[in-house]
4 protein chains.
Amino acid sequence: MAQSDTVSRILDTAEVLFAERGFAETSLRNITSKARVNLAAVNYHFGSKKALIQAVFSRYLDPFTQRFHSALDELEARYADGVIPLEELLETMATTVLAVPAERNSLKVFMRLLGLAYSQAQGHLRRHIQAQYGDVFARFTELVRRATPELPDAERFWRLHFVLGTVIFTLSGLDALRDIAAKDYHEQVTVRDLVRRLRPVVVAAMNAPLPPEIEGELHANTRAG
Amino acid sequence: MAQSDTVSRILDTAEVLFAERGFAETSLRNITSKARVNLAAVNYHFGSKKALIQAVFSRYLDPFTQRFHSALDELEARYADGVIPLEELLETMATTVLAVPAERNSLKVFMRLLGLAYSQAQGHLRRHIQAQYGDVFARFTELVRRATPELPDAERFWRLHFVLGTVIFTLSGLDALRDIAAKDYHEQVTVRDLVRRLRPVVVAAMNAPLPPEIEGELHANTRAG
Amino acid sequence: MAQSDTVSRILDTAEVLFAERGFAETSLRNITSKARVNLAAVNYHFGSKKALIQAVFSRYLDPFTQRFHSALDELEARYADGVIPLEELLETMATTVLAVPAERNSLKVFMRLLGLAYSQAQGHLRRHIQAQYGDVFARFTELVRRATPELPDAERFWRLHFVLGTVIFTLSGLDALRDIAAKDYHEQVTVRDLVRRLRPVVVAAMNAPLPPEIEGELHANTRAG
Amino acid sequence: MAQSDTVSRILDTAEVLFAERGFAETSLRNITSKARVNLAAVNYHFGSKKALIQAVFSRYLDPFTQRFHSALDELEARYADGVIPLEELLETMATTVLAVPAERNSLKVFMRLLGLAYSQAQGHLRRHIQAQYGDVFARFTELVRRATPELPDAERFWRLHFVLGTVIFTLSGLDALRDIAAKDYHEQVTVRDLVRRLRPVVVAAMNAPLPPEIEGELHANTRAG
DNA sequence: AATGAATGAGCATTCATTCAT
DNA sequence: TATGAATGAATGCTCATTCAT
């Protein structure tokens, strides 16, 4: 299959280059020349650079979404009352995140891409991800809500993003941090080791005491949330 | 002051555009035309786009560094044994971070820039920041070390970065998150409110129980750390 | 042949403009607009301005080299002892130099270009020419050596360059000189007429008596040469 | 004298840079920054880059012209019949050419500049030189005419330029050629040594037998010349 | 299904020059 | 007399995209 070959050569090359240098700094020439395909092939097969970027994400997120839904199905089946303990939820998510790219041997690349998706201007990408994968995230969020009934909704919302920041920031900057860690602490950190370190921190963050209430409009709002 | 005016018009415009769209997506033409300044003025006053980027950072980081050093001096004077409680350290940092851009009314911009500094490829920027501001960060790190003697060095290193990820990710993506929060929780979040929410989470993260030891080479290393 | 057409339109235009105004004074915009070709076409087909300059030279020098090697093969076959008379060598070179651009009706341009190659800073060009065409020049030099066994090597080296200076200087400045000559001597000089005038002068220059020896280190060196 | 200092600093720097890289490749920024004077100083003191180029030449050619006129006065006084032997004329010119820059220790630079004057497009420069120094060249030419009465005028015109080509080409490319000579013939060539080598060659060139007459229009023209 | 050629828009940078002080 | 700031024009080059084949 000449076509399939070209398409996946482009995707393979693009994801590496995007992860290394970002979207704007990676030109179609960079990608096509490194992938040894024709310059016009990207536009031919994907339509535009934007569509290529989205395709790169879909190749990770589609299998992730599918697996995560299955895993959550299984969990929900196990817990008849629909309340899955937080640790279990986080564990399941971590396992799924690790499983998908593990097959492609590039968790690092996946995380860099996720980081880029948040930090680079690419509005189209944010919209694409939200539209395509909002559902699974909403399902996860709802399960977290049931697992942490004591948390005000707004608080839970922010804490989830605090934790998301920790994970994406750490894993997407993995290489640089790993270098420093290796130099200063003679440590060769693996992703699995990092996940081991992350677990208690994430749990503690989610379970931290509530911040002191403050006066003013926020008071009412937080209550309402 | 013709010069000062042009220079600061460029800096003011550049920092906003950089924060909005990233470095690569912001052209000198964007900046100079919005600042109503001659296209060549950037090269005249700064020498290159790279130098402009660094100047934008310096305008935030130079006063920050100065104030932070002063604040730490004061703290160290207060605690004769050289051990400053972790909460106090974090509080001082938060206060200083808030104080500097507050004058310029643009913490959001500053945080976006910090986020970009980490996520965009711009190697020159990382090098510049490390060279110019590595000292103050090292001083802070050392004080944290004294405040958390029970933490293995490597663990502390990673937790600091976990927390850094939380802060930068949240604050640099503030606008998008605020929009969602406003829609879902009828909440108008201010930066100060966010800092209030961050405090207990950060403390809990730093104080989380240690992860279970694992076998293999890491065992010895972690011990040593 | 769309490609061939664009490429040769660029080359045709570039060689004329380069010859008229030099390399630095000829912009890619000059070339592409006069050639009625897209500005990006030069970079597409040649990669850079430097590469275009080299391509302009190659279009003359490649056929020249080929023909000159053939002509020298023939000459060597004719003279069994490997010693070709100087006049014959010079004649052959002149004939070949005249033959190549004659087909393109632009000896003047070729000579201007050669002159530029020597006088303009373009280090890359000198390197390119030396690397690509050093062989044929070395072969010619060696044959001249056999034809003038009485000349010390160093003396021959310098005389060849004296003569080269005469030829390039005269032919590359042909237009200006021709104008003066026409005004002062009512003469319409053709290139062939100039070559006719050059012949006895060049031969006399090569056969001039040796300069008086001088004392000092040069004495021994010249002897050795 | 601050002004005088600035002016001569500019001239000193400009002549070196022009000689090294040509006119177009040398920017006013190059000159003023290396000369450590203000960027606007060139336009202030000379009016334009063109005027600076001409000033650089004048600083060499004015004293040369003056000395050469003196030397020719002396020669003409010595030869009552107004016929000065060719060797003597050439010797006098060589001596004067060597004398002027010798004071400034930069014959090489002077020759590079002369070479550039001929080869670079700078029409204004050719016009300037012709206007300012045409007289002395005409006087010299006339004396050469009397010294070589047997040469047809057109032939003499061309031979003078042949010889000029030899001298300018060799001396202006001196550095490159010297390097080759040094490598191949273990010879450290000085300018004086080169002049010694040039003398017999130039004389032989001027005295070479006339080229064979040819038929056609040129015949009549040459006769007439 | 794929590609070589071409294109127009845009890029950062450098230029000689001008001008207010 | 001298200069820092500013400017408009131009430079070589790269970009994503289109199109005929």
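Chain identifiers are assigned alphabetically (A, B, ...) following the order of the sequence lines, protein sequences preceding nucleic acid strands; residue numbering begins at 1 within each chain.
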Check your understanding: Watson-Crick or G-U wobble partner for F/dT14, using a 3.5 Å limit on both distances?
Key -> E/dA9

Review point. Does E/dT14 pair with anything, Watson-Crick or G-U wobble, both distances under 3.5 Å, and if so, with which nucleotide?
Key: F/dA9

Point to revise | Evaluation steps, salt bridge (charged side-chain N to carboxylate O under 4.0 Å, His left out), between B/E20 and B/R112 | key: CA-CA 8 Å; B/E20 276 174 7; B/R112 269 295 284 164; over 6 Å; no

Exercise for review: Give one of base, sugar-phosphate or nothing for A/A40, where a contact means two heavy atoms less than 4.0 Å apart.
Suggested key: base

Practice item. Can you check whether any acceptor in the base of E/dA6 is under 3.5 Å from a donor in the side chain of C/Y44, or vice versa? Key: no

Exercise for review: Check every strand shown and say whether C/T32 touches a base, only sugar-phosphate, or nothing at a heavy-atom separation below 4.0 Å.
Suggested key: nothing

Exercise for review: Mind running side-chain contact (heavy atoms from CB on, under 4.5 Å) on D/R9 and D/D5 for me, showing each step along the way?
Suggested key: CA-CA 6 Å; D/R9 280 246 290 287; D/D5 187 45; 2.9 Å; yes

Review point. Do the side-chain N or O atoms of C/S27 get closer than 4.0 angstrom to the phosphate oxygens (OP1, OP2) of F/dT11?
Key: yes

Exercise for review: On DNA chain E, check which nucleotide each of B/N30 and C/V37 is closest to and give me the residue with the more 5' one.
Suggested key: C/V37

Review point. Taking the side chain of C/K49 as its heavy atoms from C-beta onward, which of E/dA2, F/dG12, F/dT17 lies nearest to it?
Key: F/dG12

Check your understanding: Parallel, tilted or perpendicular: which fits the ring planes of D/F23 and D/F18, with parallel below 30° and perpendicular above 60°?
Key -> perpendicular

Review point. Can a donor-acceptor pair under 3.5 Å be found between the side-chain atoms of C/R29 and the base atoms of F/dG12?
Key: yes

Review point. Less than 4.5 Å apart, any side-chain heavy atom of A/S58 and any of A/Y133?
Key: yes

Review point. Are D/H45 and F/dA2 close enough that a side-chain N or O sits under 4.0 Å from OP1 or OP2?
Key: yes

Point to revise | Nearest listed nucleotide, side chain of C/L39, among F/dC13, E/dT13, F/dT18 | key: F/dC13

Point to revise | Contact under 4.0 Å: D/N43 side-chain N or O vs E/dA16 OP1/OP2 | key: no

